[in-house]
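Lettering follows sequence order; numbering is per chain, from 1.
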Protein chains: 4
Amino acid sequence: MPNKNSKGNTKNRIIESAKKLFAEQGYQKTTVMEISKQAGLSEAALYEYFQGKEDLLLTIPDLWVSELIKDLKEQLFGIKGSFNKLRKFLWWYLRRIEEAPLDAKIVYLFLKTNANFMDTEVYSNVKILYSYLIDIFEEGRTSGEMKPDLNPYFARTIFIGTMEHIVTRWLLKDMSYSLFDNLEDTFDLMVDAYRSK
Amino acid sequence: MPNKNSKGNTKNRIIESAKKLFAEQGYQKTTVMEISKQAGLSEAALYEYFQGKEDLLLTIPDLWVSELIKDLKEQLFGIKGSFNKLRKFLWWYLRRIEEAPLDAKIVYLFLKTNANFMDTEVYSNVKILYSYLIDIFEEGRTSGEMKPDLNPYFARTIFIGTMEHIVTRWLLKDMSYSLFDNLEDTFDLMVDAYRSK
Amino acid sequence: MPNKNSKGNTKNRIIESAKKLFAEQGYQKTTVMEISKQAGLSEAALYEYFQGKEDLLLTIPDLWVSELIKDLKEQLFGIKGSFNKLRKFLWWYLRRIEEAPLDAKIVYLFLKTNANFMDTEVYSNVKILYSYLIDIFEEGRTSGEMKPDLNPYFARTIFIGTMEHIVTRWLLKDMSYSLFDNLEDTFDLMVDAYRSK
Amino acid sequence: MPNKNSKGNTKNRIIESAKKLFAEQGYQKTTVMEISKQAGLSEAALYEYFQGKEDLLLTIPDLWVSELIKDLKEQLFGIKGSFNKLRKFLWWYLRRIEEAPLDAKIVYLFLKTNANFMDTEVYSNVKILYSYLIDIFEEGRTSGEMKPDLNPYFARTIFIGTMEHIVTRWLLKDMSYSLFDNLEDTFDLMVDAYRSK
DNA sequence: AATGAATGAGTGTTCATTCAT
DNA sequence: TATGAATGAACACTCATTCAT
């Protein structure tokens, strides 16, 4: 069971093991011994790579969210129209979550509980990620696609709220259905709030 | 510090103490000893009233959400118009949360992490609470206030998502501003998605 | 289940409850609360009748063994011949144990573990009980039925050892067979050790 | 007092410490902390070697009885005559008990109380140990030394009963005299029960 | 780079017992 | 005679973390 021979170096093995166990059992119930055993090395060795258990919890989504940021710019590149960009953002984000549900579970369920979440690299990176939405809404207003008096921040609240609700529900229901079920309809409904009449 | 003389019986004292400490420090970091000391009795005495720490965690929001359900019906009674009802629901809910931020914190931040959350009384009560929204959206569609093809479930996803996002952000930011800031504008924006043109 | 209405006074109800529970689960695993619940009263009330749990453990077999002593004299009265008396002793003793297996279990399995057993009334009463055997063996030697050089103490060691072994085995095997199985043959074999040739 | 430097590895140190304390104070009254302190290490370290307190209780006599079995065959080897073998068995057994009174105390006083005793490796090993006696009695009958109609099982009941009674009495009296006092006479008396006339 | 061995500090929970009423 | 309420004192067991090798 321990993925001793999986490709990737030791550090990655540890991350993957921790990710899996955190997602499965939660942060508190997962022991360092379980993680190291799963990673195929000793507990002591784990401390050569990470400062401790909490460090591990914070590192995992940090890597993931960093990647997301890098990816997002490229994804939105060349897309014309604010609604199209909005749609792209949503579909892209959910695709990434579907591809990395363990990371998502950690961010959405376990990290928010952590007292230090707000001081986290992850938090500020998520803020960066979500700041793109402000640009999109502003572009929509400027271009006339969206309401002329649209407040981008309020618009974003609705967008993120809806999106995160969809994700959280899916995670809590153990990813037992497709994240994209009814997405089209819900999106169409939501954007009507932004659309200029 | 221990509220030995606070009104209410012992059981309530324990609940209030636990609520406060869970909300302040999180479930895991709070010890049974702290709770009992805060409640002004011995650790052993606490076990006369609750089966244990987890029982306490689950009981607290259970009581709160049960009350909410009782209250909601009355609050919506006599209100005319689906948009008015929607508005009432939102304002009422946020008011209740503002009044009981400790309960809210437990439900929104700590309970969802708990592996057993989905099997909880709280979860099913929240579902009941949110089922009222379906009725409201259906009424809106029927009455012609809302789009004739409005799917109440998708509409609700947006509504709950937005609402919970507002609440969660507020809780994570340590309730440092008013929950009602910008609420009017955000609500107005959101309901445009439902409104028949 | 609690035998609130059983005949006998409260003290007896407590004894019977304790006896049952000690025998079923052992002394250590039985709690005072279980005993008092079984007896149909509160924990605190139990302390009106007994000094505590250990007092209870020691009282139970004390009563039983006291009764045994009273009975034994009568049982042996009028029996002629030392072998007949020996036989009577054995059959009588096993009958009493069969009738009161709970008491027997407590004496044989739980009391011996107790650090204070040797200072117990029970211990000295058992000594009295077993002292009758010395008389019997001496009578046997004097009468010529038994070996002229028979040492009553060594003879008794064999008798008691055999008897207690039979009892202990039966108790450990959960009284799943008759205590009298093969008793006749074993007795006949044993007494050949005493018989004068 | 802690035997940190005693020869033997850590596991053995723990066993010896536990053995001593169990025998002195009983199983229940001995705490894990006492055992580990006596062994010269931390409580937590003890759990690296044993699963817990009960595991320790069961392991101790397990090792001892296993050794006994290995030894017995060798001890009986080369001895001629069933009475001689019987005598050897008794003397050997008591010698072993005299050498390891702590183990004996645990087996005779504390283990039998344990609810799981009958499912124990120790129990089945003791059965093996005692099965040799059946062979001896059968040999005695066949060779003519013993009664032609001697039932080996009944004979063994007397033998084991007597032997265990001698041991138990000695243990309860805190090993304050020699286990071999009067052994010769008692043995001679007992075997007359088996002897063919 | 890796680990066997060890531990300090905790942690929830149990339970016999007491006492005011 | 009875008890509801309370508690002091334990206690077995866990686990993240350290360090000599």
Side-chain angles (χ1 to χ4, degrees), chain A residues 4 9-11 14 27-37 39-57, chain B residues 4 9-11 14 27-37 39-57, chain C residues 4 9-11 14 27-37 39-57, chain D residues 4 9-11 14 27-37 39-57:
Chain A
K4 179 104 191 178
N9 55 22
T10 307
K11 192 162 185 171
I14 296 172
Y27 173 70
Q28 295 289 349
K29 289 202 174 162
T30 302
T31 68
V32 175
M33 208 202 69
E34 283 176 306
I35 299 171
S36 52
K37 190 167 278 177
L41 37 65
S42 74
E43 275 179 273
L46 186 147
Y47 283 88
E48 304 271 333
Y49 294 91
F50 295 93
Q51 293 193 12
K53 197 180 156 189
E54 185 160 13
D55 182 25
L56 212 32
L57 175 69
Chain B
K4 178 103 191 178
N9 56 19
T10 307
K11 192 161 187 173
I14 297 172
Y27 174 71
Q28 294 289 348
K29 289 202 175 163
T30 301
T31 68
V32 175
M33 207 202 70
E34 282 176 306
I35 298 171
S36 52
K37 191 164 278 177
L41 37 66
S42 74
E43 233 179 318
L46 187 147
Y47 284 89
E48 302 266 329
Y49 295 90
F50 295 92
Q51 296 198 9
K53 198 179 157 190
E54 186 160 13
D55 182 26
L56 212 31
L57 175 68
Chain C
K4 179 106 191 175
N9 55 21
T10 306
K11 192 161 185 173
I14 296 172
Y27 173 71
Q28 294 289 348
K29 289 202 175 164
T30 301
T31 69
V32 174
M33 209 202 68
E34 283 175 307
I35 297 170
S36 52
K37 189 167 279 176
L41 37 65
S42 73
E43 277 179 272
L46 186 147
Y47 283 87
E48 304 271 334
Y49 295 91
F50 294 93
Q51 294 194 10
K53 197 179 158 191
E54 186 161 10
D55 182 24
L56 212 32
L57 174 69
Chain D
K4 178 103 191 176
N9 55 20
T10 305
K11 193 162 186 172
I14 296 172
Y27 173 71
Q28 295 288 351
K29 290 203 174 160
T30 301
T31 69
V32 175
M33 207 203 68
E34 282 176 307
I35 298 171
S36 50
K37 192 165 278 179
L41 36 67
S42 74
E43 229 177 320
L46 186 148
Y47 285 89
E48 302 265 328
Y49 295 91
F50 294 93
Q51 296 198 10
K53 197 179 156 189
E54 186 161 11
D55 182 25
L56 211 32
L57 175 68

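- For the pair C:Ile14 CD1 and F:dT1 P, the interatomic distance rounds to 11 Å; values are reported in whole Å.
- Between the CD1 atom of A:Ile35 and the P atom of F:dA16 there is a distance of 8 Å, given to the nearest Å.
- Side chain of A:Ala45, nearest nucleotide from E:dA2, F:dT3, E:dC15: E:dA2.
- Within 4.0 Å of C:Ser36, counting heavy atoms only, lies no atom of the nucleic acid at all.
- Checking E:dC15 for Watson-Crick or G-U wobble geometry (two distances, each under 3.5 Å) identifies F:dG8 as its partner.
- Between C:Leu46 and A:Val32, the residue whose closest nucleotide on DNA chain F is further toward the 5' end is C:Leu46.
- Set against E:dG12, F:dA12, E:dA6, the side chain of D:Thr10 has E:dA6 as its closest nucleotide.
- One finds the CD atom of D:Glu43 at 7.0 Å from the OG1 atom of D:Thr31 (value rounded to the nearest 0.5 Å).
- What separates OH of B:Tyr27 from P of E:dT11 is a distance of 12 Å, to the nearest Å.
- Separation of atoms CG (A:Asp55) and OH (A:Tyr49) is listed at 14.5 Å; rounding is to 0.5 Å.
- Distance from the side chain of A:Lys53 is smallest for F:dA16 among the nucleotides F:dA16, E:dC15, F:dC13.
- Here E:dA2 is the nucleotide among E:dT18, E:dA2, E:dC15 with the atom lying nearest to any side-chain atom of A:Ser42.
- Atom NZ in D:Lys37 sits about 12 Å away from atom P in E:dT7, given to the nearest Å.
- Across F:dT18, F:dC15, E:dA6, the shortest atom-to-atom separation from the side chain of D:Glu48 is found for E:dA6.
- Rounding to whole angstrom units, CD of residue C:Gln51 and C1' of E:dT18 are separated by 14 Å.
- Across all their heavy atoms, C:Lys29 and C:Glu34 have their closest contact at O-OE1, 3.6 Å.
- Here the P atom of nucleotide F:dT3 and the CE atom of C:Met33 are 14 Å apart, to the nearest Å.
- Taking atom CG of residue D:Asp55 and atom P of nucleotide F:dA12, one finds them 14 Å apart after rounding to whole Å.
- In this structure, E:dA1 makes no Watson-Crick or G-U wobble pair, since no nucleotide meets both defining distances under 3.5 angstrom.
- The CD atom of D:Gln28 sits 12 Å away from the C1' atom of F:dA12 (whole-angstrom rounding).
- Distance from the side chain of C:Leu41 is smallest for F:dT3 among the nucleotides F:dT3, E:dT17, F:dC15.
- Closest contact between the side chain of D:Glu43 and the listed nucleotides F:dC13, E:dT14, F:dA16 involves F:dC13.
- Residue-level contact check: A:Tyr49 touches the backbone only, with heavy atoms under 4.0 Å from sugar-phosphate atoms and none from bases.
- Proximity note for D:Tyr47 (side chain, C-beta onward) versus F:dA12, E:dT7, E:dA2: the nearest is F:dA12.
- Between the OH atom in A:Tyr27 and the CG atom in A:Leu56 there is a gap of 8.5 Å [rounded to 0.5 Å].
- Note that CZ of A:Phe50 is 5.5 Å distant from CD1 of A:Ile14, once rounded to the nearest 0.5 Å.
- Note: C:Gln28 CD to C:Leu57 CG = 9.5 Å, rounded to the nearest 0.5 Å.
- Of the two residues near DNA chain F, D:Lys29 and A:Gly52, the one whose nearest nucleotide lies more 5' is D:Lys29.
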